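Report on the following structure.
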Amino acid sequence: MAGNNMAEHDGTAKVEKIKRWSPVWIVPIVTALIGAWILFYHYSHQGPEVTLITTTAEGIEGGKTTIKSRNVDVGKVESVTLSENLQQVIIKARLNTGMEKMLRGDSVFWVVKPQIGREGVSGLSTLLSGAYIQLQPGSKGDEKAQYTLDDSPPLASPDAKGIRVILESERSGQLSPGDPVLFRGFQVGTVETSHFDPKARNIKYQLFIRAPYDTLVSDNVRFWKDSGVNFDMSAAGMRVEMGSLTTLFSGGVSFDIPNGWTQGQAAKNGDNYQLFDDQKSIQESLYTRHMDYVLFFSDSVRGLQPGAPVEFRGIRLGTVAKVPYPLNVLKQQISDDYRIPVLIRIEPDRFDQLLGADFNIADHIRQGIQQGLRASMKSANLLTGSTYVDLDFYPNEKPWKGPLEIAGIKLLPTVSGGFAQIQQKLMTTLDKINNLPIEPMMREATSTLAESQRTMKATQKTIDSLNTIVSSKEMKNLPQDMQQTLIQLNRSLKGFQPGSPAYGHMVNDMQSLDKTLRELQPVLKTLNQKSNALIFAAPGQDDPQPKKAKQ
């Protein structure tokens, strides 16, 4: 028996596998499944992540700053970090579920915080709640990898109806973003951006004109700087213009179609226009056709500036181009005959409406020169001293026998004008006065006065003798007719004796004539030395010094 049992149990253990799960593993498995489902649900229901780039993170805090659209929370900022080059701030934000459609290529983000602008105070609600990010949903383009976070809201939404045009200017600082765009004083748009183009070396301004006023913009409109108050003192006189209150303090830009021009074709988005300094310069830029003439003035050209008008009896024909105009082919010496060349431009478009397009101004000027047509400088503004070029006929001028062209440019003869003409006429008058025989007249008047005095003395003696005869006894023995004659003669002579009115008047007249002739001598001497002394004060003279007595 024992041997058989030993045979049956050879010392090898047998292991049997458990064929059922233990209930202990149910809890961790269910927990893992719930956690995985939570993670899957969390990530599957997360909104899109947005990367914002800015230069400063003022007022932005990770996990706190919200993203809003139309004052509705649509996301939150997750983190705020610096870029690798430490030059920018990278903001990671997460939008809520279902907000993916708000992200397009033209979506705009900006920070809303308290600030004061040309439209007033904005963002006061963030004083207590803190700054937040405003999202303006886009409508065009695909979602970007990153967006720029602006400091201020856009002036016009990308999907706003209207037109955007570009203005080019050579000077910076003329316009600023937010400045109004006006049409005849009514605001129709705003200036959006300004950018300096280093290649073109000019400033480019982007303007937005909202609908329905975008139809006012055509290819014939002109834009100019509207500074609110425009003060101009030129050859045309003094002009002060005041714009609307909108542009009085901040300025702006206005546009319109120049006078006489048609509406033209409708403008397109992105069309380029030039920005003019003022409305007046627009009209000057319309006249592109011109004929050049050179003038030679012997008078001073002080006060004659480029841009001054060229007129014919008050009608503007052209513009002064260069003062003085360099002519290398002309060799002159500094002398009394030195003449200053001036270049003018005759612009036919200025008077086509008055005289017709078939009017040949070049032929009329050429014929007019032989009839006395001359150019002269005349004063335009006494306050500024500015002058302009005036064309007119001078019949007394000698026929022009000089050249009609020099260095390939037409030549127009000139005459002295303005004060120079007055001075020339005054010189002619003074020369005639100076040629009068004043000194012989004074000597003759003095001699006449002395002779008159001798005559009066002789007359007095005659009167005394006649009085003696009339009062004598022999007078009574004369005939009655002779007595009456002597008495009448005595009465007549008494009217010329000293003390009588006639005698006094005659003496006064002679003395006045002598005084006038003596006072006229220094006046003629002064005019002879300074011919324009009647208009401008003559220089003062030193007091006469007594001469040393001769030994």
Side-chain angles (χ1 to χ4, degrees), residues 39 41-160 162 164 176-178 190-196 204-208 269-270:
L39 291 176
Y41 182 84
H42 173 72
Y43 285 103
S44 63
H45 287 77
Q46 268 190 336
E49 185 182 46
V50 181
T51 301
L52 305 177
I53 305 299
T54 183
T55 57
T56 177
E58 181 183 1
I60 306 300
E61 297 182 13
K64 181 178 180 181
T65 302
T66 59
I67 300 177
K68 296 184 179 182
S69 178
R70 301 181 185 274
N71 290 328
V72 177
D73 292 347
V74 295
K76 182 175 291 187
V77 174
E78 293 183 341
S79 63
V80 180
T81 59
L82 290 174
S83 61
E84 294 182 359
N85 58 6
L86 306 179
Q87 300 296 322
Q88 294 176 328
V89 177
I90 300 177
I91 299 175
K92 297 290 185 178
R94 178 79 59 177
L95 299 184
N96 297 337
T97 305
M99 299 300 170
E100 297 86 354
K101 55 186 178 182
M102 303 181 69
L103 297 177
R104 293 291 185 268
D106 55 353
S107 298
V108 182
F109 294 83
W110 70 91
V111 179
V112 179
K113 55 186 177 181
Q115 59 182 355
I116 300 176
R118 63 178 69 251
E119 301 296 334
V121 181
S122 61
L124 291 178
S125 60
T126 61
L127 289 175
L128 299 178
S129 61
Y132 63 89
I133 297 175
Q134 184 77 16
L135 167 60
Q136 179 176 279
S139 59
K140 299 179 182 180
D142 298 331
E143 179 182 349
K144 295 181 181 180
Q146 60 185 21
Y147 294 87
T148 300
L149 181 62
D150 299 327
D151 293 332
S152 59
L155 299 174
S157 60
D159 57 347
R164 286 178 169 85
S176 301
T190 53
V191 179
E192 289 188 320
T193 61
S194 62
H195 171 69
F196 177 73
K204 293 185 177 181
Y205 302 98
Q206 179 175 300
L207 274 60
F208 175 74
N269 269 313

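In this text, all values refer to a predicted model and were calculated from it rather than measured experimentally. FYI, the numbering just counts along the sequence from 1.
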Does D73 reach the main-chain N or O of K68 with its side chain, forming a donor-acceptor pair under 3.5 Å?
no
Between V108 and D150, does a side chain to side chain contact (heavy atoms under 4.5 Å, CB included) hold up when you go through it step by step?
CA-CA 8 Å; V108 182; D150 299 327; 3.8 Å; yes
Just wondering, do T56 and V89 contact through their side chains at under 4.5 Å, heavy atoms?
no
Where is the tightest heavy-atom contact between T65 and G59, given as atom of each residue plus distance?
OG1-O, 3.7 Å
If the threshold is 4.0 Å, N to carboxylate O, is there a salt bridge linking E143 and R104?
no
Side chains of L149 and I133 in contact at under 4.5 Å (non-hydrogen atoms):
yes
Given side chains that start at C-beta, do those of T193 and P177 come closer than 4.5 Å, heavy atoms only?
no
Step by step, would you call E192 with R164 a side chain to side chain contact (heavy atoms under 4.5 Å, CB included)?
CA-CA 9 Å; E192 289 188 320; R164 286 178 169 85; 2.8 Å; yes
Does a sphere of radius 6.0 Å around CG in N269 hold more than 12 heavy atoms from other residues, nucleotides or ligands, not counting ones at 6.0 Å or beyond?
yes
Could you tell me whether the side chain of S69 and the main chain of Q136 form a donor-acceptor pair under 3.5 Å?
no
Using a distance-only test with no angle check, is there a side-chain donor-acceptor pair under 3.5 angstrom linking T51 and K92?
yes
If you look at every heavy atom in K113 and E58, which pair is closest and at what distance?
NZ-OE1, 3.6 Å
Given the rule in the side chain to side chain contact (heavy atoms under 4.5 Å, CB included) test, do T54 and F109 qualify, once you have shown the distances and angles that lead to the verdict?
CA-CA 10 Å; T54 183; F109 294 83; over 6 Å; no
Mark yes or no for whether S107, through its side chain, and M102, through its backbone, hold a donor-acceptor pair below 3.5 Å.
yes
Heavy atoms of V80 and A57 approach each other most closely as CG1-CB, 3.7 Å
Do you know the tightest heavy-atom contact between A93 and I67?
CB-CD1, 3.4 Å
Look at the side chain of T66 and the backbone N and O of Y132, then say whether any donor-acceptor pair between them is shorter than 3.5 Å.
no
Please say whether more than 12 non-hydrogen atoms of neighbouring residues, nucleotides or ligands are located less than 6.0 Å from CD in E78.
yes
Can you find a pair of side-chain heavy atoms, one from V191 and one from F208, that are under 4.5 Å apart?
no
